[in-house]
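Beneath this line is the structure, given in C-alpha coordinates, with notes to follow.
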2 protein chains.
Amino acid sequence: MIGTSPTEDTRVRSAAVARALGDPKRLCVLESLAAGELSVGELALRVSCQVPNMSQHLAVLRAAGLVTARRDGNTVFYRLADPKVLEACHLLLSIAR
Amino acid sequence: MIGTSPTEDTRVRSAAVARALGDPKRLCVLESLAAGELSVGELALRVSCQVPNMSQHLAVLRAAGLVTARRDGNTVFYRLADPKVLEACHLLLSIAR
DNA sequence: TCATAAGTTGCGCAAGAACGCAAGTGCGGG
DNA sequence: CCCGCACTTGCGTTCTTGCGCAACTTATGA
(Lines give C-alpha, C1' and ligand atoms only; values in the text may rest on other atoms or scores of the structure.)
Protein backbone atom coordinates (compact mmCIF):
# COMPACT_ATOMS: atom_id res chain seq x y z
CA MET A 1 0.00 0.00 0.00
CA ILE A 2 1.23 3.44 -0.84
CA GLY A 3 -0.67 5.31 1.84
CA THR A 4 1.72 5.02 4.79
CA SER A 5 2.46 8.52 5.94
CA PRO A 6 6.11 9.39 5.27
CA THR A 7 8.55 10.19 8.04
CA GLU A 8 10.03 13.63 8.24
CA ASP A 9 13.33 12.28 6.98
CA THR A 10 11.70 10.75 3.95
CA ARG A 11 9.98 14.03 3.20
CA VAL A 12 13.27 15.87 3.40
CA ARG A 13 14.81 13.54 0.84
CA SER A 14 11.77 13.75 -1.42
CA ALA A 15 12.00 17.52 -1.27
CA ALA A 16 15.68 17.30 -2.18
CA VAL A 17 14.75 15.26 -5.25
CA ALA A 18 12.12 17.84 -6.17
CA ARG A 19 14.62 20.67 -5.84
CA ALA A 20 17.01 18.78 -8.10
CA LEU A 21 14.20 18.70 -10.67
CA GLY A 22 13.48 22.38 -10.09
CA ASP A 23 15.71 23.89 -12.74
CA PRO A 24 14.93 24.12 -16.47
CA LYS A 25 18.45 23.20 -17.50
CA ARG A 26 18.46 20.13 -15.31
CA LEU A 27 15.09 19.07 -16.74
CA CYS A 28 16.61 19.51 -20.17
CA VAL A 29 19.52 17.30 -19.14
CA LEU A 30 17.19 14.55 -17.98
CA GLU A 31 15.17 14.71 -21.18
CA SER A 32 18.37 14.52 -23.19
CA LEU A 33 19.40 11.44 -21.25
CA ALA A 34 16.11 9.75 -22.05
CA ALA A 35 17.58 8.42 -25.28
CA GLY A 36 20.72 7.10 -23.62
CA GLU A 37 23.93 8.16 -21.96
CA LEU A 38 25.77 11.33 -22.93
CA SER A 39 29.07 12.96 -22.00
CA VAL A 40 29.36 16.18 -20.05
CA GLY A 41 30.49 18.10 -23.11
CA GLU A 42 27.58 16.90 -25.23
CA LEU A 43 25.15 17.80 -22.48
CA ALA A 44 26.68 21.24 -22.13
CA LEU A 45 26.13 21.71 -25.87
CA ARG A 46 22.46 20.67 -25.84
CA VAL A 47 21.62 22.71 -22.79
CA SER A 48 23.88 25.49 -24.02
CA CYS A 49 25.78 26.26 -20.89
CA GLN A 50 29.43 26.17 -19.99
CA VAL A 51 31.05 22.89 -19.05
CA PRO A 52 31.83 23.81 -15.42
CA ASN A 53 28.25 24.88 -14.94
CA MET A 54 27.00 21.64 -16.46
CA SER A 55 29.31 19.71 -14.19
CA GLN A 56 27.74 21.39 -11.19
CA HIS A 57 24.21 20.66 -12.41
CA LEU A 58 25.20 17.04 -12.90
CA ALA A 59 26.64 16.96 -9.39
CA VAL A 60 23.26 18.13 -8.09
CA LEU A 61 21.46 15.43 -10.06
CA ARG A 62 23.96 12.83 -8.87
CA ALA A 63 23.59 13.87 -5.25
CA ALA A 64 19.83 13.47 -5.60
CA GLY A 65 20.32 10.00 -7.08
CA LEU A 66 18.72 10.91 -10.41
CA VAL A 67 21.69 10.09 -12.63
CA THR A 68 24.77 7.91 -12.48
CA ALA A 69 28.20 8.45 -14.00
CA ARG A 70 30.46 6.08 -15.88
CA ARG A 71 34.01 6.99 -16.81
CA ASP A 72 35.47 5.80 -20.10
CA GLY A 73 39.03 6.95 -20.45
CA ASN A 74 38.95 10.68 -20.58
CA THR A 75 35.26 11.27 -20.82
CA VAL A 76 32.48 10.76 -18.32
CA PHE A 77 29.09 9.50 -19.44
CA TYR A 78 25.94 10.19 -17.50
CA ARG A 79 22.71 8.24 -17.64
CA LEU A 80 19.38 8.18 -15.87
CA ALA A 81 19.53 6.24 -12.63
CA ASP A 82 15.91 5.14 -12.81
CA PRO A 83 13.12 5.23 -15.41
CA LYS A 84 10.95 6.76 -12.73
CA VAL A 85 12.92 9.94 -13.20
CA LEU A 86 11.56 10.32 -16.70
CA GLU A 87 8.13 9.53 -15.39
CA ALA A 88 8.54 12.38 -12.92
CA CYS A 89 9.55 14.75 -15.72
CA HIS A 90 6.48 13.86 -17.74
CA LEU A 91 4.27 14.22 -14.72
CA LEU A 92 5.67 17.68 -14.03
CA LEU A 93 5.06 18.53 -17.66
CA SER A 94 1.45 17.46 -17.48
CA ILE A 95 0.88 19.33 -14.22
CA ALA A 96 2.48 22.49 -15.58
CA ARG A 97 0.33 22.03 -18.70
CA MET B 1 1.84 11.20 -27.34
CA ILE B 2 3.99 12.25 -24.47
CA GLY B 3 7.27 12.25 -26.28
CA THR B 4 7.14 15.68 -27.95
CA SER B 5 10.12 17.66 -26.75
CA PRO B 6 9.00 20.50 -24.47
CA THR B 7 9.58 24.14 -25.28
CA GLU B 8 11.84 26.18 -23.07
CA ASP B 9 8.83 27.95 -21.63
CA THR B 10 7.21 24.66 -20.71
CA ARG B 11 10.37 23.53 -19.01
CA VAL B 12 10.51 26.73 -17.00
CA ARG B 13 7.00 26.14 -15.73
CA SER B 14 7.69 22.49 -14.98
CA ALA B 15 10.75 23.54 -13.01
CA ALA B 16 8.62 26.04 -11.09
CA VAL B 17 6.24 23.23 -10.16
CA ALA B 18 9.17 21.08 -9.03
CA ARG B 19 10.52 23.91 -6.91
CA ALA B 20 7.13 24.31 -5.28
CA LEU B 21 7.35 20.62 -4.37
CA GLY B 22 10.89 21.10 -3.13
CA ASP B 23 10.19 21.84 0.51
CA PRO B 24 9.39 19.27 3.21
CA LYS B 25 6.70 21.43 4.78
CA ARG B 26 4.95 21.94 1.48
CA LEU B 27 5.07 18.21 0.79
CA CYS B 28 3.52 17.72 4.20
CA VAL B 29 0.79 20.20 3.27
CA LEU B 30 -0.01 18.35 0.08
CA GLU B 31 -0.15 15.01 1.89
CA SER B 32 -2.44 16.53 4.47
CA LEU B 33 -4.73 17.78 1.73
CA ALA B 34 -4.94 14.29 0.25
CA ALA B 35 -7.86 13.50 2.53
CA GLY B 36 -9.74 16.69 1.69
CA GLU B 37 -9.69 20.42 2.15
CA LEU B 38 -8.24 22.09 5.24
CA SER B 39 -8.04 25.61 6.60
CA VAL B 40 -4.81 27.55 6.93
CA GLY B 41 -4.86 27.26 10.70
CA GLU B 42 -5.32 23.49 10.63
CA LEU B 43 -2.50 23.14 8.12
CA ALA B 44 -0.23 25.30 10.26
CA LEU B 45 -0.96 22.95 13.16
CA ARG B 46 -0.17 19.76 11.26
CA VAL B 47 2.98 21.12 9.71
CA SER B 48 3.82 22.88 12.97
CA CYS B 49 4.76 26.26 11.65
CA GLN B 50 3.39 29.72 12.26
CA VAL B 51 0.32 30.86 10.39
CA PRO B 52 2.02 33.63 8.37
CA ASN B 53 4.67 31.19 7.28
CA MET B 54 2.02 28.67 6.25
CA SER B 55 0.21 31.38 4.34
CA GLN B 56 3.37 32.03 2.38
CA HIS B 57 3.91 28.36 1.62
CA LEU B 58 0.33 28.14 0.43
CA ALA B 59 0.88 31.16 -1.78
CA VAL B 60 3.82 29.33 -3.38
CA LEU B 61 1.68 26.23 -3.97
CA ARG B 62 -1.12 28.37 -5.35
CA ALA B 63 1.21 30.22 -7.70
CA ALA B 64 2.42 26.86 -9.01
CA GLY B 65 -1.18 25.75 -9.54
CA LEU B 66 -0.93 22.86 -7.10
CA VAL B 67 -3.73 23.94 -4.76
CA THR B 68 -6.83 26.09 -4.93
CA ALA B 69 -8.44 28.22 -2.24
CA ARG B 70 -12.07 28.57 -1.26
CA ARG B 71 -13.24 31.17 1.21
CA ASP B 72 -16.07 30.36 3.60
CA GLY B 73 -16.86 33.35 5.77
CA ASN B 74 -13.84 34.00 7.83
CA THR B 75 -11.77 30.97 7.02
CA VAL B 76 -10.01 29.91 3.83
CA PHE B 77 -9.97 26.26 2.80
CA TYR B 78 -7.29 24.86 0.57
CA ARG B 79 -7.52 21.73 -1.55
CA LEU B 80 -5.44 19.93 -4.14
CA ALA B 81 -5.92 21.38 -7.59
CA ASP B 82 -5.31 18.08 -9.35
CA PRO B 83 -4.95 14.44 -8.32
CA LYS B 84 -1.76 14.38 -10.34
CA VAL B 85 -0.18 16.42 -7.57
CA LEU B 86 -0.54 13.51 -5.18
CA GLU B 87 0.80 11.21 -7.84
CA ALA B 88 3.85 13.44 -8.07
CA CYS B 89 4.34 13.31 -4.30
CA HIS B 90 4.22 9.52 -4.32
CA LEU B 91 6.58 9.36 -7.26
CA LEU B 92 9.06 11.59 -5.43
CA LEU B 93 8.71 9.34 -2.42
CA SER B 94 9.50 6.25 -4.42
CA ILE B 95 12.45 7.90 -6.14
CA ALA B 96 13.84 9.16 -2.85
CA ARG B 97 13.42 5.61 -1.51
C1' DT C 1 57.99 13.37 -19.72
C1' DC C 2 55.34 17.03 -21.56
C1' DA C 3 51.27 18.75 -23.76
C1' DT C 4 46.56 18.55 -24.54
C1' DA C 5 41.71 17.33 -23.83
C1' DA C 6 37.70 16.36 -20.60
C1' DG C 7 35.79 17.13 -16.08
C1' DT C 8 35.79 18.76 -11.42
C1' DT C 9 36.44 22.00 -7.71
C1' DG C 10 37.00 26.58 -5.48
C1' DC C 11 35.68 31.24 -5.11
C1' DG C 12 33.08 35.55 -5.33
C1' DC C 13 28.89 37.58 -6.53
C1' DA C 14 24.11 38.41 -7.36
C1' DA C 15 19.49 36.70 -7.18
C1' DG C 16 16.11 33.94 -4.76
C1' DA C 17 13.83 31.56 -0.78
C1' DA C 18 12.49 30.57 4.21
C1' DC C 19 11.53 32.40 8.49
C1' DG C 20 9.96 35.41 12.32
C1' DC C 21 7.63 39.33 13.47
C1' DA C 22 4.73 43.39 12.91
C1' DA C 23 1.18 45.59 10.44
C1' DG C 24 -2.78 45.40 7.27
C1' DT C 25 -7.27 43.36 5.18
C1' DG C 26 -11.84 41.24 5.36
C1' DC C 27 -15.57 39.15 7.38
C1' DG C 28 -18.82 38.06 11.24
C1' DG C 29 -20.82 39.02 16.03
C1' DG C 30 -22.28 41.93 19.54
C1' DC D 1 -19.89 50.75 14.68
C1' DC D 2 -16.33 48.46 16.75
C1' DC D 3 -14.08 44.35 18.25
C1' DG D 4 -12.02 39.99 17.34
C1' DC D 5 -10.81 36.20 14.47
C1' DA D 6 -8.62 34.15 10.23
C1' DC D 7 -5.50 35.21 6.86
C1' DT D 8 -2.41 37.94 4.06
C1' DT D 9 1.35 41.19 3.20
C1' DG D 10 5.58 43.70 4.09
C1' DC D 11 10.08 43.88 5.91
C1' DG D 12 14.67 42.57 7.49
C1' DT D 13 17.76 38.74 8.19
C1' DT D 14 19.89 34.68 7.10
C1' DC D 15 20.76 30.69 4.07
C1' DT D 16 20.75 28.70 -0.32
C1' DT D 17 21.47 28.55 -5.56
C1' DG D 18 23.02 29.55 -10.18
C1' DC D 19 26.66 31.40 -12.72
C1' DG D 20 31.20 32.78 -14.59
C1' DC D 21 35.91 32.42 -14.17
C1' DA D 22 40.28 30.44 -12.83
C1' DA D 23 42.84 26.63 -10.99
C1' DC D 24 43.30 21.75 -10.30
C1' DT D 25 42.92 16.51 -11.47
C1' DT D 26 43.07 12.66 -14.48
C1' DA D 27 43.77 10.23 -18.59
C1' DT D 28 45.49 10.01 -23.51
C1' DG D 29 49.06 10.41 -26.91
C1' DA D 30 53.35 12.29 -28.99
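These figures come from a predicted structure and were not determined experimentally. Lettering follows sequence order; numbering is per chain, from 1.
Using a 4.0 Å cutoff to heavy atoms of chain B, the contacted part of DNA chain C runs 5' to 3' from C:dA17 to C:dG28.
As judged by a 4.0 angstrom heavy-atom cut-off over every strand, A:Phe77 is placed among residues making no nucleic acid contact. Counting non-hydrogen atoms under 4.0 angstrom, B:Asn74 reaches a base of the nucleic acid.
Counting heavy-atom neighbours within 6.0 Å of A:Arg70 CZ, excluding the residue itself, gives a total above 12.
Closest approach of A:Arg62 to A:Ala69, counting heavy atoms only: CD-CB, 4.3 Å. Closest approach of A:Glu31 to B:Pro6, counting heavy atoms only: OE2-CG, 3.4 Å. Between B:Arg19 and A:Gly22, the closest heavy-atom pair is NE-O, 2.9 Å. Closest of all the heavy-atom pairs between B:Ser32 and B:Arg46 is OG-CD, 4.0 Å. Between B:Leu27 and A:Ala15, the closest heavy-atom pair is CD1-N, 3.6 Å. Nearest heavy atom pair, residue B:Arg11 against residue A:Cys28, reads CD-N, 3.6 Å.
With rounding to whole Å, B:Gln56 atom CD is found 9 Å from D:dT9 atom P. Atom pair B:Asp72:CG and D:dC5:P shows a separation of 18 Å (rounding to whole Å applied). The separation between B:Asn53 atom CG and D:dC11 atom P is 18 Å, rounded to whole Å.
Within residues 21-52 of chain B, the residues that place at least one heavy atom under 4.0 Å from DNA chain C are, in residue-number order, B:Asp23, B:Lys25, B:Arg26, B:Gln50, B:Pro52. For the contact set between residues 9-16 of chain A and DNA chain C, defined by any heavy atom under 4.0 Å, there are no members.
The main-chain N or O of A:Ala20 is found under 3.5 Å from a side-chain atom of A:Arg26 such that the two form a donor-acceptor pair.
Look at B:Lys84 and B:Glu87 and you find no salt bridge, because none of the NZ, NE, NH1 or NH2 atoms lies under 4.0 Å from a carboxylate O.
The side chain of B:Thr75 lies closest to D:dA6, out of D:dT8, D:dA6, D:dG10. Nearest nucleotide to the B:Ser55 side chain, out of D:dC11, D:dA27, D:dT8: D:dT8.
Side-chain contact between B:His57 and B:Val47: absent, with no pair of heavy atoms (C-beta onward) separated by less than 4.5 Å. Using a 4.5 Å heavy-atom threshold, the side chains of A:Leu91 and B:Leu91 count as touching.
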